[in-house]
Amino acid sequence: MESALDTALFYLFAVVAMAAAVNVLLQRRVFYSALSLIVCLTSVAGVYMLLQSPFIATVQVIVYAGAIMVLFLFVIMLLDPFSAEAARDKRRYLNYVAVLLGLAILIFLYPLLNAYELAHVPRLLDSAAGGVGSVRRLAAVLFDEYLLPFELTSVLILVAIVGAVVLARRQAKA
Amino acid sequence: MGLHHYLILSALLFAVGAAGVIVKKNIIAIFLCIELMLNAANLSFVAFSRYLDQVHGQIFVFFVMVVAAAEAAVGLAITITLYRNRRTLNVDDADLMKW
């Protein structure tokens, strides 16, 4: 598992995550902070993959970077829509740089996608090695040892839903 | 790649989140920084889970994510209520319960 690629990827994800995290603080407009946090959460999902935890990485992207952050963006757009206004940038050359970078990624990805074959994809999810992160092992422990806490979280979420609806509902004019 | 690499990254992310909670004035920005701190803690859990070869750390991350989702839903509902009553997102303007 130890390889130069692992190390390189770790530093890549770590630098991106840290830069995005610092950017969350530096942005004046909260909308951009939220977008930056999404970048940070996605990079941390990459680190989870390096830690051989594909399930947690997937949940991180779908639930955290997906659902929770969309909720945040909804509320930001509801309460503070002007924070999403584009910062005017007069530097035209940035457009050309963006196009060039996009083309470079396309050229870089094309041979990879062309060589993609499903049969060659490593079956991480139920690898015979039974790594710590394998979904099967995770589920076995979750639904055996942690069954009661798992059921309790459903009650917690129900309470949260009811609480959110009650709090955010407009007061009836009485 | 030793365990300490991941722990240092986690600590740095947590520190940035904590700094944000202290520095930021916008209540939604503070929320985002809290999410950042939760995320840093999750990273530690997963790193320990990997290096101690125990699956329990990942179960904890699972529960932290559930609680974070619930917390975000309720917290944002409170934010909406605050904005409706006070017309502000600045935490310094919501000091009614301040000692």
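Since the model is a prediction, treat every value here as computed from it, not as a measurement. Just so we're on the same page: letters track the sequence lines, and every chain starts at 1.
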Please say yes or no: joined through hydrophobic side-chain contacts below 4.5 Å, possibly via intermediate residues, are [X] and [Y] part of one cluster?
X        : Y         : value
Val70(A) : Ile157(A) : no
Val61(B) : Phe143(A) : yes
Phe74(A) : Met69(A)  : no
Val21(B) : Leu26(A)  : yes
Leu43(B) : Ile8(B)   : yes

Exercise. Hey, which of Val63(A), Val30(A), Val159(A), Leu79(A) has the most heavy atom pairs under 4.5 Å with chain B?
Worked result: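 Winner by heavy-atom pair count: Leu79(A).
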Exercise. If you count heavy-atom pairs under 4.5 Å between each of Leu167(A), Val165(A), Thr153(A), Asp80(A) and chain B, which one has the most?
Worked result: Leu167(A)
Heavy-atom proximity to chain B below 4.5 Å, by part of [X]:
X         : result
Leu25(A)  : both
Gln27(A)  : backbone
Ile161(A) : neither
Phe150(A) : both
Ile56(A)  : both
Tyr64(A)  : side chain

Quick check on [X] against chain A: is it the side chain, the backbone, both or neither that has a heavy atom closer than 4.5 Å?
X        : value
Ala19(B) : both
Glu35(B) : both
Asn26(B) : side chain
Val74(B) : both
Phe14(B) : neither
Leu89(B) : side chain

Find the one option among [options] whose heavy-atom pairs under 4.5 Å with chain A are most numerous.
options                                : answer
Leu9(B), Val16(B), Ile59(B)            : Ile59(B)
Tyr6(B), Tyr83(B), Phe31(B)            : Tyr6(B)
Val23(B), Val67(B), Ile80(B), Ile78(B) : Ile80(B)
Thr79(B), Asn39(B), Val66(B)           : Asn39(B)
Gly75(B), Gly17(B), Gly57(B), Ala73(B) : Ala73(B)

For this session: Mark yes when over 12 heavy atoms from residues, nucleotides or ligands other than Phe10(A) sit less than 6.0 Å from its CZ; otherwise mark no.
Result: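 It does: Phe10(A) CZ has more than 12 such atoms within range.
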Exercise. CZ of Arg84(B): more than 12 outside heavy atoms within 6.0 angstrom?
Worked result: yes
Side-chain heavy atoms of [X] within contact of [Y], under 4.5 Å:
X        : Y         : result
Phe62(B) : Tyr146(A) : no
Leu13(B) : Cys40(A)  : yes
Ile28(B) : Phe31(A)  : no

Where do [X] and [Y] come nearest, in terms of heavy atoms and distance?
X        : Y        : value
Met18(A) : Leu12(B) : SD-CB, 3.6 Å
Ala21(A) : Leu36(B) : CB-CD2, 3.8 Å
Val46(B) : Ser53(A) : CG1-OG, 3.3 Å
Ser33(A) : Leu32(B) : CB-CD1, 3.8 Å

Roughly how far, to the nearest 0.5 Å, is the [atom2] atom of [Y] from the [atom1] atom of [X]?
X         : Y         : atom1 : atom2 : result
Leu38(B)  : Ile68(A)  : CG    : CD1   : 9.0 Å
Leu142(A) : Phe63(B)  : CG    : CZ    : 5.5 Å
Thr81(B)  : Arg169(A) : OG1   : CZ    : 10.5 Å

For this session: Report yes or no: does Arg50(B) contribute a side-chain atom to a donor-acceptor pair with the main-chain N or O of Tyr48(A) at less than 3.5 Å?
Result: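 Between the backbone of Tyr48(A) and the side chain of Arg50(B) there is no qualifying donor-acceptor contact (under 3.5 Å).
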